[in-house]
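These numbers come from a predicted model, not from an experiment.
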Amino acid sequence: MELSAKLGQLKQLKPSQFKGAGTPLLVLAALAMIILPMPAFLLDILFAFNIALALVVLLVAIYSDRPLDFAAFPTVLLVATLLRLALNVASTRVVLLEGHNGGDAAGKVIEAFGSVVIGGNYAVGLVVFLILIIINFAVVTKGAGRISEVSARFTLDAMPGKQMAIDADLNAGLLTQEQARARRAEVTREADFYGAMDGASKFVKGDAIAGILILVINILGGFVIGMAQHGLSFSDAIEIYTLLTIGDGLVAQIPGLLLSIAAALMVTRQNESGDMGEMVMSQMFDSPKALAIAAAVMFVMGIVPGMPHFVFLSLAAMAGGAAYIINKKQASDKVKALELAKSGPVEKQNAQPKELSWDDVQHVDTIGLEVGYRLIPLVDKGQGGELLSRIKGVRKKLSQELGFLVPAVHIRDNLDLSPNAYQISLMGVSSGEGEIRHDCELAINPGQVFGKLEGIETTDPAFGLEAVWIAPDLREHAQTLGYTVVDAATVVATHISQLLTNNASKLLGYEEVQQLLDMLAKHSPKLVDGFIPDVMPLGTVVKVMQNLLNEGVSIRDMKTIVQTLLEYGPKSADTEVLTAAVRIALKRMIVQEISGPELEIPVITLAPELEQMLHQSMQATGSEGPNIEPSLAERMQKSLVDATQRQEMVGQPAILLTSGMLRSTLSRFVKHTIPNLRVISYQEVPDEKQIRIVSAVGQ
């Protein structure tokens, strides 16, 4: 009963469940070939399978879009090498045991390679075999091994820079968390692949050395066995066993050479997506000048007396014809492009002018981006421009962080700007500008690098860091030196992200706040019902939310904000008081965004006498803020800058803790001069958090 039940379970197995059994079966088959005697016909099948396997691996390596698409290649190379060496052991056993019976005693495949391929001449076969070994060992394997070592070293050295570039794109909103995770996994896979390829090249090198040793051992062993055990003469023994051994070596070395070529192709390819054949053809024959010069050289060689005229002149005619065809096609493509460019203005000239309307009155763009004419390829998707998608990513990230929909960025060209310049405007006012090179990449110095780069020195327009414009092919070298490398589109997108973050309060208006209240009404209708205008006008709510954004506080938690305004609205109409109340209600979110989930908050405080003096000045001047002497303000600013820098050096946030009366004034005081310093009040510290004073600013 148990046996029948097991047979029934085997019948229920699907073919897909045996999908991963190929490699274990090949390894077991290799072990069986080493241990068990093999009949000649089975050797023929396995030799044919070995050649077919090598061809399949070579073709897969050629037609893979990227090296990482065939990431299993090192493992396949190891298994194929083990299979081939096991076949050598099995064929050696058959040759030495049955070789005295005739040429086909070791199988038809070995006989064919020993007689047909090399014409039955063992001297010729020995020379051909040695040439194959030299090609495989000294040329293909040695070059591939060197490239594997260099690729593995540079790939591992470039990993920190690539990880920093991914983090920079993530912080700029150009990538989502899932995309960043996928790119980090891609970087890890690339390092693992090239490291494995460095080791896999040693398999091929060892296989070539083993081929030479196996040849010598088989010939010597055949002499001894043929003459001593089977009574063959010296000439018969050398003819039979040499031909069989060379045939055996050739049938094993040809798949080995194919796998060596596949390994060389994998390590010499760039990690770019595309068909290798199409890339080689497009890059080699893109310029007709090279073909024309080659045709001229071949023609001169063809007319030299004594040269084979037909061969050289035929090749010259073919190269010249190809150059003519490519040149003609490129010229026609340029003419079509010019005609297409001219067709637009002609149609506009023929069109009748329409009557003016209110649509012709241009309104001020909330967010505008103007670019010089050389930067147009960055915003033209037809020319591969990525700036539009990057800006969309920035808007999405900021909308999620700030809590409202960031308006669209209107992009236009401006001939008044310099060709490589761009200008960012908010509400029609220029708020940022810079110059970039769309055909270069920007290597930014994050603070610690290990060398200098050749390029054009500049500064990062978003954060003012030292940077260098470099050629794209220096990207990996710059990353190994510690630079953060980004393309031109990322530079502009990061600058826009920085400006929008610093000016978020200017982007929020009545329409946006009403949209937020409408969205809240769908989930909490009782909360919003009667809020506007019974409790407070919409303008007051807008001002409170603008104050929050101006102080770097997200308005994602609309429910808490509206609940707080409902509670304090009847008591006060002062937006500063309402803003402080909302901040206290949002204190957990505020502190978590500044210092993270740590229970201890490192803070900078004011000396008691300084804080008391500011309080007295505040009470004397009222809502206008404390009256601080210029010299005192300068000393305070310098002390706060030093304290902030010390916190940044140890990797901790810079937080100024003060009283609720001074918080708003001090926040405005440090907003533009010390943007990394966040100001919170004692009431905004959550109960579960502990305070650690790291610095006290005195007079």
Side-chain angles (χ1 to χ4, degrees), residues 172 174 330-331 333-395 406-442 444 455-464 467-472 486-500 502-503 506-507:
L174 308 178
Q330 291 181 352
D333 291 342
K334 289 181 180 178
V335 171
K336 291 180 180 178
L338 290 174
E339 291 177 352
L340 184 62
K342 293 179 180 178
S343 62
V346 171
E347 292 175 359
K348 291 181 181 179
Q349 291 174 3
N350 294 334
Q352 293 293 329
K354 64 178 183 178
E355 190 66 28
L356 292 177
S357 66
W358 280 104
D359 295 333
D360 296 310
V361 179
Q362 292 186 353
H363 297 278
V364 173
D365 294 330
T366 305
I367 309 172
L369 173 64
E370 297 180 349
V371 298
Y373 69 86
R374 285 186 184 171
L375 303 184
I376 292 177
L378 286 178
V379 298
D380 186 3
K381 291 185 178 180
Q383 301 184 47
E386 298 181 351
L387 184 56
L388 294 177
S389 60
R390 301 289 174 83
I391 292 177
K392 183 178 179 181
V394 167
R395 289 183 59 220
V406 175
V409 180
H410 294 273
I411 305 175
R412 60 172 62 91
D413 61 326
N414 187 349
L415 297 178
D416 294 333
L417 295 175
S418 60
N420 291 317
Y422 68 89
Q423 180 176 283
I424 306 169
S425 60
L426 298 177
M427 307 299 178
V429 179
S430 177
S431 302
E433 57 186 9
E435 286 199 12
I436 60 174
R437 297 179 178 271
H438 74 278
D439 55 346
C440 297
E441 295 192 349
L442 188 65
I444 303 172
I456 303 173
E457 295 185 357
T458 183
T459 56
D460 172 37
F463 302 101
V468 182
W469 286 108
I470 60 174
V486 293
D487 56 23
T490 304
V491 174
V492 180
T494 305
H495 197 182
I496 293 175
S497 175
Q498 183 70 10
L499 287 176
L500 296 184
N502 294 337
N503 297 275
K506 299 178 182 178
L507 306 177

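Considering every non-hydrogen atom in both V491 and P461, the closest pair reads CG1-CG, 3.6 Å. The two atoms that bring L387 and A493 nearest to each other are CD1-N, 4.3 Å, heavy atoms only. When every heavy atom of P407 is checked against every heavy atom of L507, the shortest pair comes out as CD-CB, 4.3 Å.
To the nearest 0.5 Å, atom CG of residue L442 and atom CD1 of residue I456 are 11.0 Å apart. One distance of note links CD1 of I444 with OG1 of T459; it measures 10.0 Å at 0.5 Å rounding.
Each of L500, I496, N502 was scored for a side-chain contact (heavy atoms from CB on, under 4.5 Å) with Q498, with one residue passing: N502.
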Please report, to 0.1 Å, the donor-acceptor pairs under 3.5 Å made by any side chain of residues 413-426, with sequence neighbours excluded.
| residue | atom | partner | partner atom | Å |
| --- | --- | --- | --- | --- |
| N414 | OD1 | D416 | N | 2.9 |
| N414 | ND2 | E370 | OE1 | 2.8 |
| S418 | OG | E435 | OE2 | 3.2 |
| Y422 | OH | H495 | ND1 | 2.7 |

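Counting heavy atoms from C-beta on, the side chains of D487 and E386 come closer than 4.5 Å. Looking only at side-chain heavy atoms (C-beta outward), T366 and M427 come within less than 4.5 Å of each other. Between L378 and I436, the closest side-chain pair of non-hydrogen atoms falls below 4.5 Å. Residues I391 and L369 are in side-chain contact: their nearest non-hydrogen atoms beyond the backbone lie under 4.5 Å apart.
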Start with the C-alpha distance between R412 and D365, add both sets of side-chain angles, then the distance that settles side-chain contact (heavy atoms from CB on, under 4.5 Å), and finish with yes or no. CA-CA 11 Å; R412 60 172 62 91; D365 294 330; 3.0 Å; yes

Please walk me through it: do V371 and V492 pass side-chain contact (heavy atoms from CB on, under 4.5 Å)? CA-CA 10 Å; V371 298; V492 180; over 6 Å; no

